[in-house]
2 protein chains.
Amino acid sequence: MSQRQPLPITANLAQKPVRTTLKTLANHLELSPTTVSFVISGSPFAETIAKSTRERIWAAAEKLNYRPNVFARYLHTKRTYSVAVLVPDVGDEYSAALIGGIESCLTKKGFFYFVVSHRGAPDLLRMSPDTLLDRGVEGMIFINTPLNRALPVPIVAICDITEGPGITRIKIDNGKAATLAVDHLLKLGHREIAVIKGPQGNGDTDDRWKQLCKACAKHGIKIHPENTVHLGIYPACNEKTMAENGYTAAQKLLARKRAFTALVAFNDASAIGAIRALSDAGLRVPDDVSVIGFDDIPQSSFTVPRLTTIRQPLSSMGELAANTLLEKISGNYGGPKLLKIQPQLVVRETTAVCHQPPLNLIAGKSAARSR
Amino acid sequence: MSQRQPLPITANLAQKPVRTTLKTLANHLELSPTTVSFVISGSPFAETIAKSTRERIWAAAEKLNYRPNVFARYLHTKRTYSVAVLVPDVGDEYSAALIGGIESCLTKKGFFYFVVSHRGAPDLLRMSPDTLLDRGVEGMIFINTPLNRALPVPIVAICDITEGPGITRIKIDNGKAATLAVDHLLKLGHREIAVIKGPQGNGDTDDRWKQLCKACAKHGIKIHPENTVHLGIYPACNEKTMAENGYTAAQKLLARKRAFTALVAFNDASAIGAIRALSDAGLRVPDDVSVIGFDDIPQSSFTVPRLTTIRQPLSSMGELAANTLLEKISGNYGGPKLLKIQPQLVVRETTAVCHQPPLNLIAGKSAARSR
DNA sequence: GTTGTCGAGAAAAACGTTTTAGTTGCCCTG
DNA sequence: CAGGGCAACTAAAACGTTTTTCTCGACAAC
């Protein structure tokens, strides 16, 4: 990396204004740096300084616009009041919503955060924790990001591909979520359910799929292998948007010509893509196929038709993650290793009563679909 | 802020592993810290150290896993290789897309970044630049964020509510964008055009509106005041999603009962909300009303019907912003003060030929709409 | 009148680097 | 054989704080 060049000749940027240092301030006050440091840093020794002197110091600090140098301070305190957030991609709405929640908590507590989007890149994944540690982060939040070693700072993970000692995990209760989705669909009369699984490598993919099967099995329903697709493999699938992946996934499903009357998508974005694919194939949602998503992203209540979905309270989950991390950092965390978040069924317009002929007639419908 | 407590009794976190320092490394090598520093930091003086010694040093650094303390180093170099990104809200897709582009550039160059979402809060807006400066950021990117003073670091602004000396601005060519939108609509035969203006306080709102009027005027068309609404006022409008704001904006428009056959929305998210409101009012898009958005967010190509929009290359704009900032930081920026980005018309399915009766008959239609 | 204590503050070391200004030994030159 | 020049390294100051240890005077106690 090149050394800093003299700055451009833009008048006001030509030379940096000198920051007031502790020494300057002390000289100006005719006090020792020690004394000034005591009061400015809020050290317990500040008590031993006369009240009048303390006031003089604060006044002068204000006047000279003194701002302590965070880096010099770090050398002693080892504190940075910053954390890191590791995420597959800042850009997608799932991560963005979580980060929003995280930030709102951190800001309240005076913490800053670095974001690293690894986009599945193995070297970033390997090196990021260390470079972040170099920058003094006091903890990390792993969103859907793998890890398999110990780190010298507290960690909170959203999803369970993050492994290492002492991790606190926050995840949606996929069992409950699956039950909610499946029961809703069954109650509407659906029996042939197709599933768009998440991308391979995503923390929720396997668990959610397993729970979906379990919820179906409870009612004697099986999801036919031909009626399942996945959204791709990390990191390749990251090059396309979720909606795009959902679109092609639904197309694959249709190409198989095996009938289904309901579709459970891995998340709302892929559900939106899938609905588009169904429409393009001449199928109506929900008349021909019911579709249910996961997440409840902001758009979901405004699509045409409005998306039925299993809501994850992403913003609250982010806040909880940040709060938990901060408690762990201060050593006050007494909660469990796993925090399960309860999802919620939001019925809107993409699911409806199944009007399809009973199972044995479905072959005909399936053929009709192939036009 | 409380002092760091002894960490919880989680076996592996109980005591932090000691990091190798320069002194330890030097002792181990039986060399002076100076020598080791020269070669590790890539100082020009490293040349004066025997090649064999240099290799010994690197080997030992590797073996002892030496990682220079960034904070100690800062005291001399004044460099942090970090910047700040200020944004109304990390969560919305516009900002998220820009940040994605910014990050991808920064990561390539080894820079880290802090994000601050101000959500329009005046005190955050006022104090953030200083706290960020305290943390040593070498530059800042203001996305749709106001400023009105000089800062001692280079600034790149996306949108023009950011003011101060020496700022480099990146913005979409709203003139071109407006022409693209208006010409497309006029060519389809639309004459009564409604507009959902951006939120008051957004950097593009006024410019885009003015350009829209201008583009219409060129063809002798006037946008009737009754056919305009805005998306709210910062920061209040931030409490709802853009889609939601778009929904209520469109409802207001309909309530006025003044006919329009085409609607230009401030962005895609509000367009999606508006389309929902039109549907709810029994109007078909595009048969009854054509709708055109701005941005081209990922969902736009998958909505039903697919959204016609004016694309802003958000990710590239983010990359450009980061690149420009980095050049300014290194003092190599020779480009202009304003970089205008060319938008692009993406015709999809929400715009169609105007089938409405000519102007003088429109009153009837308007009445029909009011059911 | 020595000792102790207390209030108010300061000197100096420490944190982990970079940087400036040397030092040391060796060879070469005249 | 004094001196200059060079290669290879080092001592010490500096960066801007915090923290530990110390000083100094006043006053009280015995």
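Just so you know, these numbers come straight off a predicted model, no measurement behind them. In what follows, chains are A, B, ... by sequence order, proteins preceding strands, each numbered from 1.
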Q. Roughly how far apart are B/Ile170 CD1 and B/Leu320 CG, rounded to 0.5 Å?
A. 4.0 Å
Q) Angle class for the A/Phe45/A/Phe38 ring planes (parallel below 30°, perpendicular above 60°, tilted otherwise)? A) parallel
Q. Can you say whether the rings of B/Phe71 and A/Tyr74 are parallel (under 30°), tilted (30 to 60°) or perpendicular (over 60°)?
A. parallel
Q. Expressed in angstrom and rounded to an integer, what is the separation of B/Ile40 atom CD1 from C/dT19 atom C1'?
A. 17 Å
**Q.** Atom pair distance, as rounded to whole Å: CZ in A/Phe45 and C1' in D/dT17
**A.** 16 Å
Q: State whether B/Arg67 and A/Asp134 are salt-bridged, where the test is any N-O pair (Lys NZ or Arg NE/NH1/NH2 against Asp/Glu carboxylate O) under 4.0 Å.
A: yes
Q) To the nearest angstrom, how far is B/Leu22 atom CG from C/dT17 atom C1'? A) 7 Å
Q: Give a yes/no on whether any side-chain N or O of A/Lys78 is located under 4.0 angstrom from OP1 or OP2 of C/dG16.
A: yes
Q | Nucleic acid footprint by protein, nucleotides 5-10 of chain C - heavy-atom cut-off 4.0 Å, B for base, S for sugar-phosphate alone | A | ---BSB
(Q) In whole Å, I'd like the distance from the NZ atom of B/Lys23 to the P atom of C/dG16. (A) 8 Å
Q | Candidate pair B/Ser82 and B/Thr80, rule side-chain hydrogen bond (donor to acceptor under 3.5 Å, both in side chains), full reasoning | A | CA-CA 5 Å; B/Ser82 66; B/Thr80 60; 2.9 Å; yes
Q: Please determine, by modelled atom types, if B/Thr145 and B/His118 share a side-chain donor-acceptor pair under 3.5 angstrom.
A: yes
Q) Once you round it to whole Å, what is the distance between C1' of D/dG16 and CZ of A/Arg73? A) 11 Å
(Q) Among residues 64-72 of chain B, which ones have heavy-atom contacts with DNA chain C below 4.0 Å? (A) B/Tyr66, B/Arg67, B/Pro68, B/Asn69, B/Ala72
Q: Assign each of B/Leu75 and B/Lys51 to its nearest nucleotide of DNA chain D by heavy atoms, then name whichever residue's nucleotide is nearer the 5' end.
A: B/Lys51
Q: Starting at atom CZ of B/Arg79, determine the distance to atom P of C/dT18, rounded to an integer number of angstrom.
A: 14 Å
Q. Roughly how far, to the nearest 0.5 Å, is the CD1 atom of A/Ile141 from the OH atom of A/Tyr113?
A. 10.0 Å
(Q) Among B/Val116, B/Leu133, B/Val83, which residue satisfies the side-chain contact (heavy atoms from CB on, under 4.5 Å) criterion with B/Met140? (A) B/Leu133
Q) Nearest 0.5 Å, what's the CE-CG distance between A/Met127 and A/Leu132? A) 11.0 Å
Q. Just checking B/Ser37: base, sugar-phosphate only, or nothing, at a heavy-atom cut-off of under 4.0 Å?
A. base
(Q) Looking at A/His76 and D/dT19, is any side-chain donor or acceptor paired with a base atom of the opposite kind under 3.5 Å? (A) no
Q.
What is the separation between atom CZ on B/Arg19 and atom P on C/dC15, rounded to the nearest whole Å?
A. 16 Å
